[in-house]
Amino acid sequence: MPRAPAYVADAAAAVRVSAGDSHSMYLNWNHTVSTWGKSSYGRLGRQPGEAGYEGVEQLAQPTYVVDISAGYDHSMALEYNGNLHTWGNNRSGQLGLGNSEQALDSYAPTQNERYLTDAGVEVTSISAGGGYGVIADRSGQI
């Protein structure tokens, strides 16, 4: 039976939305991120509850977010200063943290320091896909 659209409480101040396979997220007017949906793999940026599906909750980190993107079972958030935070399923290395060989899922937003911040890369645009993520930097490189 198809489900009817539902109003998301507390989302009246949403300025951007993004939907993954079984989760959704929105960017609040105050530059914070809220997530809801299926909690497996850490795709919500928090520890999963017993129900498997979680209601809307604002994430404590990152702060001052300007862009968001939900992939199949991972998520990305871009801060105003170009810092990239990723969380969720990392089976294909889609979080960009350099640890796909360990197949680690991230249940909290993690800043990508190893490949971006430490290298002086300032991210300007993000897009999360199936088992991958794409970024563009200030110099226009993808």
Side-chain angles (χ1 to χ4, degrees), residues 2-3 5-142:
R3 292 185 176 182
Y7 175 76
V8 177
D10 301 325
V15 295
R16 187 168 306 215
V17 296
S18 187
D21 178 58
S22 299
H23 73 295
S24 298
M25 57 195 303
Y26 67 88
L27 179 60
N28 297 295
W29 67 271
N30 63 354
H31 300 282
T32 59
V33 177
S34 294
T35 63
W36 72 98
K38 192 172 183 181
S39 59
S40 57
Y41 303 113
R43 68 184 90 195
L44 299 182
R46 51 190 151 123
Q47 289 296 320
E50 292 181 22
Y53 283 88
E54 305 296 324
V56 176
E57 186 174 311
Q58 183 175 309
L59 301 179
Q61 295 289 330
T63 58
Y64 213 87
V65 174
V66 295
D67 198 7
I68 57 171
S69 186
Y72 182 78
D73 51 14
H74 68 290
S75 300
M76 305 170 80
L78 179 62
E79 288 185 294
Y80 76 98
N81 57 5
N83 289 336
L84 175 66
H85 297 261
T86 57
W87 61 94
N89 186 332
N90 195 39
R91 301 280 191 277
S92 300
Q94 60 265 53
L95 301 185
L97 303 174
N99 59 357
S100 64
E101 65 279 356
Q102 299 169 5
L104 297 176
D105 298 334
S106 175
Y107 286 86
T110 303
Q111 183 177 335
N112 188 315
E113 295 181 39
R114 182 174 178 186
Y115 295 106
L116 298 177
T117 306
D118 289 350
V121 175
E122 186 177 342
V123 179
T124 57
S125 182
I126 60 175
S127 184
Y132 60 91
V134 179
I135 63 170
D137 69 11
R138 179 138 333 266
S139 69
Q141 298 217 11
I142 296 177

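Residue numbers start at 1 and run along the sequence shown.
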For residues S75 and T35, determine if any side-chain heavy atom of one lies less than 4.5 Å from a side-chain heavy atom of the other.
no
Among D137, T110, V121, I135, whose side-chain contact (heavy atoms from CB on, under 4.5 Å) with L84 holds?
I135
Ring-plane angle category for Y80 and Y64, please: parallel below 30°, perpendicular beyond 60°, tilted otherwise.
perpendicular
Any side-chain heavy-atom pair from D73 and Q94 closer than 4.5 angstrom?
yes
Do side-chain atoms of N28 reach the backbone of N30 as a donor and acceptor pair under 3.5 angstrom?
no
Partners of D67 by salt bridge (charged side-chain N to carboxylate O under 4.0 Å, His left out), sequence neighbours excluded?
R16
Do Y26 and V56 have side-chain heavy atoms sitting under 4.5 Å apart?
yes
Check step by step if side chain to side chain contact (heavy atoms under 4.5 Å, CB included) holds for H85 and Q61.
CA-CA 9 Å; H85 297 261; Q61 295 289 330; 5.6 Å; no
Do L59 and T32 come within less than 4.5 Å of each other through their side chains, counting heavy atoms only?
no
Under a 3.5 Å distance rule, please check whether S18 uses its side chain to pair with a backbone N or O of A70 as donor and acceptor.
yes
Ignoring hydrogens, what is the shortest heavy-atom contact between A108 and W87? Give both atom names and the distance.
O-CB, 3.6 Å
S22 side chain near R43 side chain, heavy-atom distance below 4.5 Å:
yes
Quick one: do S106 and N90 satisfy side chain to side chain donor-acceptor pair (under 3.5 Å)? Show the steps, please.
CA-CA 7 Å; S106 175; N90 195 39; over 6 Å; no
Do S24 and V17 come close enough that some side-chain heavy atom pair is under 4.5 Å?
no
Measure across K38 and H23 and return the closest heavy-atom pair with its distance rounded to 0.1 Å.
O-CB, 4.2 Å
Which pair of heavy atoms, one from W36 and one from R46, lies closest together, and at what distance?
CA-NH2, 3.8 Å
I want to check something: taking the side chain as every heavy atom from C-beta on, are T63 and H31 in contact at a cut-off of under 4.5 Å?
no
Using side-chain contact (heavy atoms from CB on, under 4.5 Å) as the criterion, list what pairs up with Y107, not counting sequence neighbours.
Q47, P48, D105
Given the rule in the side chain to side chain contact (heavy atoms under 4.5 Å, CB included) test, do L27 and V15 qualify, once you have shown the distances and angles that lead to the verdict?
CA-CA 6 Å; L27 179 60; V15 295; 3.8 Å; yes
Could you list the donor-acceptor pairs under 3.5 angstrom formed by side chains in residues 123-133, with sequence neighbours left out?
from, atom 1, to, atom 2, distance (Å)
T124, OG1, A136, O, 3.3

Full working for side chain to side chain contact (heavy atoms under 4.5 Å, CB included) between T86 and H74
CA-CA 7 Å; T86 57; H74 68 290; 6.0 Å; no
